[in-house]
Amino acid sequence: MNEWTIAMQARKWMKKNESFLYSWHAYVGSELGLFDEFKEPATVEEAASRTGYPEDLLESWVQVGVELKHLKQKENDKFRTSKKRCSALMSDYGSPGVAALLKEMMELHLPTLLAYPHIMRSKERASFDHEEYGGIVAETSALLEHFAIRKIKRKVREQKIETIVDLGCGHGGYLRKLADHFPDIQMIGVDINEKVIESARLQSKDYPNLTFEVGDFEEWEPKQGKVDMILLHNVFHYIHPDERSRLLEKINHNLDEDGVVSVITPLGGTEHGKAFSSAFNSFFVAHSNLFALPKQSDLDSIFSKGDFDMFDLDPIIKEGSWFTFWLTPKSAEKVKTDAEQAEIQEHQEAPAKSASSN
């Protein structure tokens with residue numbers, strides 16, 4: 001391969017890297033509050049004086065922002081944040097979820113993906129720190145609320161629900177949104193991260209029908225009878241694939257026979273969002289305490305073992321391959337029928353296995 005070809009190939013890959021600058025610049029500006037610093041036109045020197053940040057580093061960040069159109073250059077060497085492009089990253093207009101999404105990507109996902117050569121060579125996987133990053137993950141998971149809450153509220157009305165439990169509740173956003181419409185329904189949030197639960201309690205202090213408990217959702221038991229609805233949102237990647245059916249068996253035991261389970265999870269092996277779902281999966285499996293996404297083709301088997309029927313599978317964020325669906329307990333008669341059919345199938349397969357081994 002001649003030097004010209006090598007140079008052109010390098011140039012091609014350099015151009016592909018340009019799209020990364022948008023996320024990097026937004027992350028730095030969000031973390032340091034720089035988009036607020038330039039809410040009104042200001043020079044780099046003025047912003048550096050107010051913030052105490054090194055002027056040369058701030059100058060470089062500003063110049064990148066101008067090229068990306070995150071910042072606009074005004075008269076007298078002043079710069080102003082583009083509200084059209086960056087309002088979501090400013091305190092007056094923005095959402096904490098967007099900042100959390102950038103933080104999760106830049107501090108969790110990308111460092112793990114960049115460590116892949118080391119992880120693969122050493123076979124030493126990372127360990128996800130729930131205490132340090134549980135709050136960030138809870139914040140980004142809450143972004144899904146807006147896409148699923150209407151569907152959940154509709155089911156609450158249809159089923160005449162009286163009790164709701166959110167396993168892995170994070171900051172309790174789902175429950176507060178539901179409590180705004182159903183103030184008489186008793187709701188419980190469970191999360192293993194004590195700081196996250198403290199935040200949920202603080203944010204929910206004006207909701208008398210909400211309570212929160214620190215606990216492992218895989219071991220949680222209701223204190224008073226069975227419940228009508230359980231929310232199981234973004235938790236499967238915390239559970240070893242071999243343990244998922246056991247969790248569902250436990251949930252089935254704690255759920256009323258007419259109850260429902262709301263599930264939200266990214267899935268592997270779907271027609272949607274293959275790039276993102278594969279990247280999510282790469283992040284999860286690089287950790288010793290996180291696990292591969294369930295594949296769509298595995299769902300029937302997982303839920304059947306837990307004696308659940310699944311219905312209304314729906315992609316709510318296609319680019320991330322996030323799906324929502326419902327689970328309902330199988331009737332005792334159907335459980336018996338399924339078990340009989342499984343036994344028949346096992347007997348039919350046994351002679352074939354015996355013949356192949358001979």
Discussion item. Checking side-chain hydrogen bond (donor to acceptor under 3.5 Å, both in side chains) between Gln203 and each of His171, Glu198, Arg176, which is the one that passes?
Written reply: Arg176
Worksheet entry | Leu110 with Phe276, same ILVMFWY side-chain cluster at under 4.5 Å | no
Practice prompt. Please step through ring pair (Phe, Tyr, Trp, His ring centres under 6.0 Å) for the pair Trp61 and Phe35, ending with a clear verdict.
Written response: CA-CA 11 Å; Trp61 179 85; Phe35 292 113; 5.4 Å; yes
Discussion item. Between Lys330 and Glu249, does any side-chain N to carboxylate O distance fall below 4.0 Å?
Written reply: no
Worksheet entry | Aromatic centroids of Phe280 and His237 separated by under 6.0 Å | no
Worksheet item: Does the separation of the ring centres of His287 and Phe291 fall below 6.0 angstrom?
Response: no
Worksheet item: Taking side chain as C-beta onward, heavy atoms only, is Val165 less than 4.5 Å from Leu231?
Response: no
Practice prompt. Would you please indicate if the ring centroids of Tyr116 and His118 are separated by under 6.0 Å?
Written response: no
Worksheet entry | Validation row: Phe128, Tyr133 side chains within 4.5 angstrom (heavy atoms) | yes
Worksheet item: Picking from Ile264, Thr265, Leu248, what satisfies side-chain contact (heavy atoms from CB on, under 4.5 Å) with Leu232?
Response: Leu248
Fill in: Glu319 with Lys274: basic N within carboxylate O range, under 4.0 Å
no
Worksheet entry | Pairwise side-chain contact, Ile164 with Leu178, heavy-atom cut-off 4.5 Å (strictly under) | yes
Item to complete: Would you indicate whether the side-chain heavy atoms of Tyr238 and Glu218 approach each other to under 4.5 Å?
Response: no
Worksheet item: Would you call Thr43 and Phe79 a side-chain contact if the rule is heavy atoms closer than 4.5 Å?
Response: no
Worksheet entry | Note, Ile188 side chain near Phe212 side chain (heavy atom, < 4.5 Å) | no
Worksheet, complete the sentence: Here the pair of heavy atoms bringing Val214 nearest to Ile192 is CG1-O, 3.9 Å
Item to complete: Evaluate side-chain hydrogen bond (donor to acceptor under 3.5 Å, both in side chains) for Ser278 paired with Asn281, printing each intermediate quantity in order.
Response: CA-CA 5 Å; Ser278 297; Asn281 211 45; over 6 Å; no
Item to complete: Verify side-chain hydrogen bond (donor to acceptor under 3.5 Å, both in side chains) between Glu104 and Thr140, making sure each step is shown before the conclusion.
Response: CA-CA 8 Å; Glu104 181 176 330; Thr140 55; 2.5 Å; yes
Discussion item. Testing the basics here: between Lys39 and Lys83, what is the closest heavy-atom pair and its distance to 0.1 Å?
Written reply: O-NZ, 3.4 Å
Worksheet item: So does Lys250 pair up with Glu221, basic N to acidic O under 4.0 Å?
Response: yes
Item to complete: Inspect the contact between Lys151 and Asp312 and indicate whether a charged nitrogen and a carboxylate oxygen are less than 4.0 angstrom apart.
Response: yes
Item to complete: Indicate yes or no: at least one non-hydrogen side-chain atom of Val261 is less than 4.5 angstrom from one of Val263.
Response: yes
Discussion item. Is the distance from the ring center of Phe325 to that of Phe303 below 6.0 Å?
Written reply: yes
Discussion item. Is any side-chain heavy atom of Met310 closer than 4.5 Å to one of Asp300?
Written reply: yes
